[in-house]
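Chain naming here is simple, since letters A, B, ... match the order of the sequence lines and numbering starts at 1 in each. On a predicted model such as this, the values are computed, not experimentally measured, just so you know. Below, all heavy atoms of this structure are taken into account, side chains as well, without hydrogens, waters or symmetry copies.
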2 protein chains.
Amino acid sequence: MKVTITDIAKIANVSVATVSRVINNKSKGVSEQTRTRLLKLIEEYNFEPNAVARGLVTKKSKIIGLLIQDIANPFYPRLAKGVEEEANLRGYNIILCDGNNSEEKEVNYLDFLNKHYVAGIIYNNFNNIGDKILNIIVNNSIPLVFIDSKIDIPGIRCVYVENEKAIYELVSYLISIGHRKIGFITGPMDSYSTNERFKGYIKVLEDNQIPIDYDLIVEGDYTIPKGYETMGILLDRKTEMTVVVCCNDLMAIGAMEMLEERNIKVPDEMSIVGFDNIDMSRIVRPKLTTVSQPSYEMGRAAAKMLINIIENKSKKNDASVVFLPELVIRDSVKKLN
Amino acid sequence: MKVTITDIAKIANVSVATVSRVINNKSKGVSEQTRTRLLKLIEEYNFEPNAVARGLVTKKSKIIGLLIQDIANPFYPRLAKGVEEEANLRGYNIILCDGNNSEEKEVNYLDFLNKHYVAGIIYNNFNNIGDKILNIIVNNSIPLVFIDSKIDIPGIRCVYVENEKAIYELVSYLISIGHRKIGFITGPMDSYSTNERFKGYIKVLEDNQIPIDYDLIVEGDYTIPKGYETMGILLDRKTEMTVVVCCNDLMAIGAMEMLEERNIKVPDEMSIVGFDNIDMSRIVRPKLTTVSQPSYEMGRAAAKMLINIIENKSKKNDASVVFLPELVIRDSVKKLN
DNA sequence: TTGAAAGCGCTACCAA
DNA sequence: TTGGTAGCGCTTTCAA
């Protein structure tokens with residue numbers, strides 16, 4: 001059986017209040033003598049305060065919920081690592097919840113975190129937020145920060161990258177080296193990041209007076225197989241496309257598989273670019289030109305921000321954190337001029 | 001403010017005991033009439049039982065702790081996914097803890113899970129188990145299953161693959177096609193899987209009367225940079241090595257980077273094999289010959305087993321589950337005969 | 001079928 | 001500096 005605060009109190013012949021003071025490091029209210037005596041006993045009997053009981057009283061825990069969409073997507077592990085490491089530094093632990101791209105699961109997890117009185121939530125909303133989720137977020141008083149997404153709810157902070165700008169720059173680069181017929185494989189259209197990236201794509205074409213051709217656009221889902229499949233669709237439409245922008249590296253890699261299968265050489269006959277700069281983008285041949293997202297740093301920033309809010313250390317001017325993605329030019333794009 | 005069981009009881013003019021019966025689906029002890037009336041109220045007031053208070057009484061939770069070593073290693077996300085999906089099916093949630101290859105962190109997390117009364121733990125012990133950890137595992141009465149590792153503690157079940165056998169078969173294959181000078185990049189030598197794999201390597205060489213040459217062996221750490229680095233070391237030793245067996249795909253990929261840098265062609269001038277069959281092993285060129293581990297299935301199996309133990313549904317003959325890895329032959333190995 | 005009340009292990013307030 | 005104790009929200013036992 002596990003030893004409780006009452007056991008220790010009895011053994012030491014003091015009140016539970018005194019033991020409580022010691023285990024909570026309340027500097028005053030306990031004589032040095034009692035303190036050391038208790039500390040020894042606690043050590044000896046291997047007493048660990050019951051976190052559940054504690055949570056019931058304080059309504060606080062040292063747990064942060066991290067809700068992401070798909071841990072199998074290599075973008076997320078680095079982000080999770082960043083969150084975990086920063087949180088650990090400050091004494092917090094992480095519950096990692098995988099929403100699996102399902103709104104139902106997401107709602108369940110949000111409920112779960114709520115019921116368990118986690119100290120705060122780091123939330124990666126993949127889908128456009130439905131009313132149900134919005135309701136939960138606004139109504140539960142748990143501190144929350146958005147990561148890799150942005151939302152306009154007053155008082156809610158976000159950590160994200162400039163997706164629109166990133167695509168804008170990426171496509172500008174493609175245009176500057178002579179590409180005009182630019183294919184585009186999106187993520188799921190109800191995803192925040194996809195929408196931003198799509199906006200960037202449309203905008204840069206307009207700014208360069210390139211007409212938008214919907215035959216060049218197809219909806220993906222951020223997985224390798226879908227990249228493979230959608231590349232096939234694009235190819236079958238027999239456009240004059242010279243490059244395909246994929247909304248993440250995974251799809252770019254899938255697309256390259258299709259290209260290889262059809263014996264179309266990258267980049268000589270078709271250029272490909274991705275987004276994320278995951279490890280694989282360096283491994284694939286030709287090496288993938290892509291956009292680097294600082295996912296680890298985003299994770300750390302989000303954790304830092306959240307814990308500051310939790311501990312009321314958040315300064316007035318602690319606004320949302322915006323990262324700038326960086327163009328990573330490698331070998332999968334051909335210069336046309 | 002959140003509504004509690006007492007609130008509902010007051011509103012409905014019944015005792016909290018009755019409400020408790022309803023929310024716990026106790027079939028008897030509540031009239032159909034009262035039940036429906038309460039259910040409506042619960043719905044209306046959006047009452048969610050406080051999981052923390054519940055946990056304090058029952059000493060149970062619907063949380064399973066999953067302790068792994070490094071979520072950034074692509075082997076783990078699939079495993080985590082398996083655990084998560086199976087657990088969810090049965091109404092459990094996962095706390096994912098990343099031990100980060102550090103014994104200290106591991107001990108912390110084990111403590112943490114313990115204090116929080118999780119229902120059970122799925123534990124991937126990367127390092128050989130130290131006394132401290134062993135002590136925790138044996139002394140805390142929380143159900144626990146080992147995953148991707150094996151330990152001989154009576155009553156503790158494991159889900160793992162036959163690592164030794166896998167390497168034995170892999171190297172047998174290499175020998176059968178003419179390789180004799182077989183390099184070996186291990187994982188960290190205090191890791192369980194490394195030890196098993198190393199045993200397999202030694203055994204197969206002995207069985208084939210091939211002398212063991214320690215110049216062909218070097219210790220790695222399961223990361224890409226280390227694969228790169230150790231390949232360099234191996235090369236500098238100027239052995240007659242024709243193939244290098246890497247204890248995971250990540251190191252194999254790092255090794256291939258080194259080879260590319262030194263202009264050594266794979267597989268013509270040097271063959272490489274990996275272990276795990278992660279996505280990247282299909283992406284890298286030449287495609288990597290490797291050993292496939294059913295990590296997703298292992299995750300599911302472990303979760304299933306653990307929950308059975310938790311719910312006392314574990315049958316007598318529910319022994320450990322052993323998976324057989326499968327050789328995946330691709331293009332990174334040259335036939336020498 | 002229903003209710004009263006004890007108690008889970010802890011914190012925090014008030015009194016000594 | 002120390003102790004007594006109420007109470008967190010729930011489950012569970014016993015009695016009505």
Side-chain angles (χ1 to χ4, degrees), chain A residues 1-39 41-42 45-63 111-112 114-119 140-141, chain B residues 1-39 41-42 45-63 111-112 114-119 140-141:
Chain A
M1 213 42 236
K2 236 170 244 177
V3 22
T4 71
I5 195 174
T6 321
D7 298 330
I8 299 292
K10 274 196 192 121
I11 294 164
N13 224 338
V14 297
S15 72
V16 292
T18 302
V19 183
S20 174
R21 281 178 201 113
V22 172
I23 60 181
N24 287 291
N25 276 318
K26 307 267 184 207
S27 46
K28 47 186 171 186
V30 188
S31 70
E32 220 26 72
Q33 197 189 350
T34 320
R35 179 185 301 278
T36 44
R37 191 162 64 91
L38 286 178
L39 251 19
L41 248 24
I42 286 167
Y45 285 87
N46 212 347
F47 164 63
E48 302 264 18
N50 178 328
V52 178
R54 205 175 235 181
L56 183 58
V57 179
T58 59
K59 303 243 174 298
K60 288 204 181 87
S61 72
K62 287 290 207 177
I63 305 180
D111 263 7
F112 168 82
N114 216 222
K115 278 196 237 182
H116 280 272
Y117 286 92
V118 296
N140 79 37
S141 41
Chain B
M1 211 41 232
K2 239 171 240 175
V3 22
T4 71
I5 195 173
T6 319
D7 299 330
I8 298 292
K10 271 194 197 126
I11 294 164
N13 223 338
V14 297
S15 71
V16 291
T18 302
V19 182
S20 174
R21 282 179 199 113
V22 171
I23 60 181
N24 286 291
N25 275 318
K26 306 268 185 206
S27 45
K28 47 186 172 187
V30 188
S31 71
E32 219 27 71
Q33 199 191 349
T34 319
R35 179 184 302 276
T36 44
R37 191 163 63 91
L38 286 178
L39 251 18
L41 248 24
I42 287 167
Y45 284 87
N46 212 347
F47 165 62
E48 302 263 16
N50 177 327
V52 178
R54 204 175 234 180
L56 183 57
V57 179
T58 60
K59 303 240 175 300
K60 286 200 183 92
S61 72
K62 287 290 206 174
I63 305 179
D111 263 8
F112 168 81
N114 216 223
K115 278 196 235 180
H116 279 273
Y117 285 95
V118 295
N140 79 36
S141 41

Legend entry - Whether B/T58 side chain and B/R54 backbone form a donor-acceptor pair below 3.5 Å: yes
Inset, instruction - Calculate the interatomic distance between B/Q33 atom CD and C/dT1 atom C1'; express it in whole Å. - result: 11 Å
Legend entry - Separation of atom CG in A/N25 from atom P in C/dA12, rounded to whole Å: 13 Å
Legend entry - For A/S61 against A/A119, the heavy-atom pair lying closest together: O-CB, 3.2 Å
Legend entry - A/K59 NZ - C/dA12 P separation (whole Å): 12 Å
Legend entry - Rounded distance (Å) that lies between atom P of C/dC14 and atom CZ of A/R21: 13 Å
Inset, instruction - Can you tell me the distance, in whole Å, between the OH atom of A/Y117 and the C1' atom of D/dC8? - result: 9 Å
Legend entry - Set of ring pair (Phe, Tyr, Trp, His ring centres under 6.0 Å) partners for A/F47, sequence neighbours left out: none
Inset, instruction - Identify whether any heavy atom of B/V52 sits under 4.0 Å from a base atom; if not, whether one sits that close to sugar-phosphate; answer base, sugar-phosphate or nothing. - result: nothing
Inset, instruction - Classify the nucleic acid contact of A/N13 as base, sugar-phosphate or nothing, counting any heavy atom under 4.0 Å across all strands shown. - result: sugar-phosphate
Inset, instruction - State whether B/T4 places a side-chain N or O below 4.0 Å from either non-bridging phosphate oxygen (OP1 or OP2) of D/dC8. - result: no
Legend entry - Student check: side-chain heavy atoms of A/H116 and B/I63 closer than 4.5 Å: yes
Inset, instruction - Quantify the bending of the helix from C/dT1-D/dA16 to C/dA16-D/dT1 as the angle between its end axes, each fitted on five pairs, to 10°. - result: 40°
Inset, instruction - Could you tell me whether the phosphate oxygens of D/dC8, OP1 or OP2, come under 4.0 Å of any side-chain nitrogen or oxygen in B/N50? - result: no
Legend entry - Whichever of B/A53 and A/R54 has its nearest DNA chain C nucleotide further upstream toward 5': B/A53
Inset, instruction - Locate the shortest heavy-atom distance separating B/A12 from B/L41; write the atom from each residue and the value. - result: CB-CD2, 3.5 Å
Inset, instruction - Tell me, please, which residues at least two apart from B/D7 pass side chain to side chain donor-acceptor pair (under 3.5 Å). - result: B/T4
Inset, instruction - Starting from C1' on C/dT2, measure out to CD on B/E32 and report it in whole angstrom. - result: 15 Å
Inset, instruction - Please tell me which of A/A17 and B/L56 maps to the more 5' nucleotide of DNA chain C, matching each residue to the nucleotide holding its nearest heavy atom. - result: B/L56
Legend entry - Residue-phosphate contact under 4.0 Å: B/T18 side-chain N/O, C/dG3 OP1/OP2: yes
Inset, instruction - Report the distance from atom CD1 of B/I5 to atom P of D/dG9, rounded to the nearest whole Å. - result: 11 Å
Inset, instruction - Have a look at B/V14 and tell me which of B/I8, B/V30, B/L38 forms a side chain to side chain contact (heavy atoms under 4.5 Å, CB included) with it. - result: B/L38
Inset, instruction - Please determine if a side-chain N or O atom of A/T6 lies less than 4.0 Å away from the OP1 or OP2 oxygen of C/dG9. - result: no
Legend entry - A/S20 side chain near C/dC10 phosphate (N/O to OP1/OP2, under 4.0 Å): no
Inset, instruction - Check whether any side-chain heavy atom of B/E48 sits under 4.5 Å from a side-chain heavy atom of A/N114, and report yes or no. - result: no
Legend entry - Whole angstrom value for the distance that separates P of D/dG3 from NZ of A/K10: 15 Å
Legend entry - Distance below 4.0 Å between B/T58 side-chain N/O and D/dC10 OP1 or OP2: no
